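This report concerns only the one structure given below.
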Amino acid sequence: MNSVLSGSAGSTLQREALPPSMVERITLIMDLFERPYVQLTLEDVTGRTGLPRSTSHRILDQLVGMCWLEHMTTGYRLGPRALGLGGRQTGHGALRAAAAPVLHQLALSTGLVVHLAVLEDTEIYYLDKVGGRSAVDVPSRVGGRAPAHCTALGKAMLAWLTPDRIDDHYTHGLPARTARSIANRGRLHQELSRIRDRYGLSYERGECFGDIGCVGVALRGPAGPVGALSLVGEADTPLERFAPLALGAARRVMDELALPRKQGGTPLLRHARATARRVPEIAAERRAAGVG
């Protein structure tokens with residue numbers, strides 16, 4: 001009898017120790033995703049919150065359904081709704097800070113306009129644009145959007161999503177921006193396969209704007225693409241010539257994101273030091289690309 005009573009009392013105490021309201025339980029879970037790129041499994045959530053597994057799973061499913069979280073094959077992470085309430089500024093600010101020195105160096109080396117963007121559902125969201133006076137001629141803006149399937153940036157990121165997610169994104173078709181835009185899912189899957197075969201390099205000529213050409217590459221983290229960068233020029237620009245520079249720049253951005261900020265100072269300070277060391281290399285890159 002005593003053991004039964006003590007077990008019952010223990011269960012009661014455990015129930016009383018859990019947050020009593022659904023709002024508190026949701027907050028307990030959402031607080032675990034302290035940074036935009038944090039990714040957690042169901043077991044992680046259950047272990048850190050102390051909530052029953054069934055309760056955690058039910059709340060996570062509801063949060064995914066409402067777009068507060070995304071469910072990847074490897075776990076859960078913040079979804080577009082959460083990022084749109086301020087996570088975008090926090091997470092994207094870190095990405096912009098890490099990428100800024102690399103973007104400026106890439107623009108200097110190539111003489112082309114450089115974009116940085118993230119994927120939001122079926123659109124890209126421009127975080128940065130670098131390129132001096134020539135940037136005025138490129139019809140894009142920081143804070144603007146464009147259809148992902150019509151841009152090198154978007155296709156570079158879509159290439160690293162699962163085919164099922166691509167189909168889910170485009171259940172209602174692919175709106176065309178120009179006569180060269182990809183207009184059906186079959187063609188899009190073929191294009192994304194070619195991008196993966198090219199080590200992630202994505203090309204676009206006149207698919208979004210008739211007189212613009214781009215080469216893009218995704219910035220890939222453990223859970224998939226966290227952004228992309230691209231080089232932009234006129235539609236007849238020999239983009240293949242600049243592809244190795246785009247790949248190298250993407251690697252440097254991801255290295256910068258992975259490096260603790262306390263090591264070596266701020267990104268801008270590290271950029272100043274690195275640029276001073278790379279002046280001869282930058283000049284050689286410009287000559288090889290036929291710039292300057």
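None of these values were measured; they are calculated from a predicted model.
In terms of heavy atoms, Arg177 sits closest to Glu207 at CB-O, 3.6 Å. Between Leu127 and Val142, the closest heavy-atom pair is O-CG1, 3.4 Å. Across Leu174 and Asn184, no two heavy atoms sit closer than the pair CD1-C, 3.8 Å. The two residues Leu119 and Ala148 have their closest heavy-atom pair at CD1-CB, 3.7 Å. When all heavy atoms of Ala156 and Ala218 are compared, the pair lying nearest together is O-CB, 3.5 Å. When every heavy atom of Val226 is checked against every heavy atom of Val118, the shortest pair comes out as O-CG1, 3.5 Å.
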- Task: Please report the C-alpha distance between Arg196 and Leu192 in whole Å, then the side-chain angles of each, then the deciding distance to 0.1 Å, and finally whether the side-chain contact (heavy atoms from CB on, under 4.5 Å) criterion is met.
- Result: CA-CA 6 Å; Arg196 290 189 291 271; Leu192 300 183; 3.8 Å; yes
- Query: Yes or no on side-chain contact (heavy atoms from CB on, under 4.5 Å) for Leu51 and Ile29, after CA distance, side-chain angles and deciding distance?
  - Reply: CA-CA 9 Å; Leu51 295 171; Ile29 290 176; 4.0 Å; yes
- Mind running side-chain contact (heavy atoms from CB on, under 4.5 Å) on Asp121 and His169 for me, showing each step along the way? CA-CA 7 Å; Asp121 294 325; His169 277 321; 4.2 Å; yes
- Task: Take Leu69 and Met30 through the test side-chain contact (heavy atoms from CB on, under 4.5 Å) and record every step on the way to the result.
- Result: CA-CA 9 Å; Leu69 295 177; Met30 292 299 293; 3.9 Å; yes
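In this structure, Asp44 and Thr41 have side chains that are in contact, with non-hydrogen atoms separated by less than 4.5 Å. Between Leu106 and Leu229, some side-chain heavy-atom pair lies under the 4.5 Å cut-off. Residues Ser202 and Leu158 form no side-chain contact, since every pair of their non-hydrogen atoms from C-beta on lies 4.5 Å or further apart. The shortest distance between side-chain heavy atoms of Tyr76 and Leu32 does not fall below 4.5 Å. Residues Leu60 and His71 have side chains not in contact (no heavy-atom distance under 4.5 Å, counting atoms from C-beta outward). Side-chain atoms of Thr237 and Phe242, non-hydrogen and from C-beta on, do get closer than 4.5 Å to each other. The shortest distance between side-chain heavy atoms of Leu95 and Leu219 falls below 4.5 Å. Within the 4.5 Å cutoff, the side chain of Leu161 has no heavy atoms near those of the Met157 side chain.
One finds a salt bridge joining Lys155 and Glu191 here, because a Lys/Arg side-chain nitrogen approaches an Asp/Glu carboxylate oxygen to under 4.0 Å. A salt bridge is defined here as a Lys NZ or Arg NE, NH1 or NH2 lying under 4.0 Å from an Asp or Glu carboxylate O, and Arg165 with Glu70 meets this definition.
One distance of note links OH of Tyr203 with CG of Leu231; it measures 10.0 Å at 0.5 Å rounding. With values rounded to the nearest 0.5 angstrom, Gln105 atom CD is found 7.5 Å from Leu108 atom CG. Between the OH atom in Tyr170 and the CD1 atom in Ile182 there is a gap of 9.5 Å [rounded to 0.5 Å].
Hydrophobic clustering, with ILVMFWY side chains joined whenever heavy atoms are under 4.5 angstrom apart, keeps Tyr125 apart from Trp160.
Although no hydrogens or angles enter the test, the distance criterion places a donor-acceptor pair under 3.5 Å between the side chain of Glu24 and the main chain of Ser21. Judged purely by atom type and a 3.5 angstrom limit, His149 uses its side chain to pair as donor or acceptor with the backbone of Pro175. Using modelled atom types, no side-chain atom of Ser193 and backbone atom of His189 make a donor-acceptor pair closer than 3.5 Å. The closest donor-acceptor contact from the side chain of Thr178 to the backbone of Cys208 lies at 3.5 Å or more, if one exists at all. Within the 3.5 Å criterion, the main-chain N or O of Arg252 finds no donor-acceptor partner in the side chain of Asp255. Although no hydrogens or angles enter the test, the distance criterion places a donor-acceptor pair under 3.5 Å between the side chain of Glu204 and the main chain of Gly206. Without hydrogens or angle criteria, Arg96 side chain to Asp128 main chain gives no donor-acceptor distance under 3.5 Å.
Counting heavy-atom neighbours within 6.0 Å of Arg53 CZ, excluding the residue itself, gives a total of 12 or less. When the shell of 6.0 Å around CD of Glu234 is examined, it contains 12 or fewer heavy atoms from other residues, nucleotides or ligands.
Geometrically, Arg77 does not engage Phe33 in a cation-pi contact, judged by NZ or CZ lying under 6.0 Å from the ring centre and within 45° of the ring axis.
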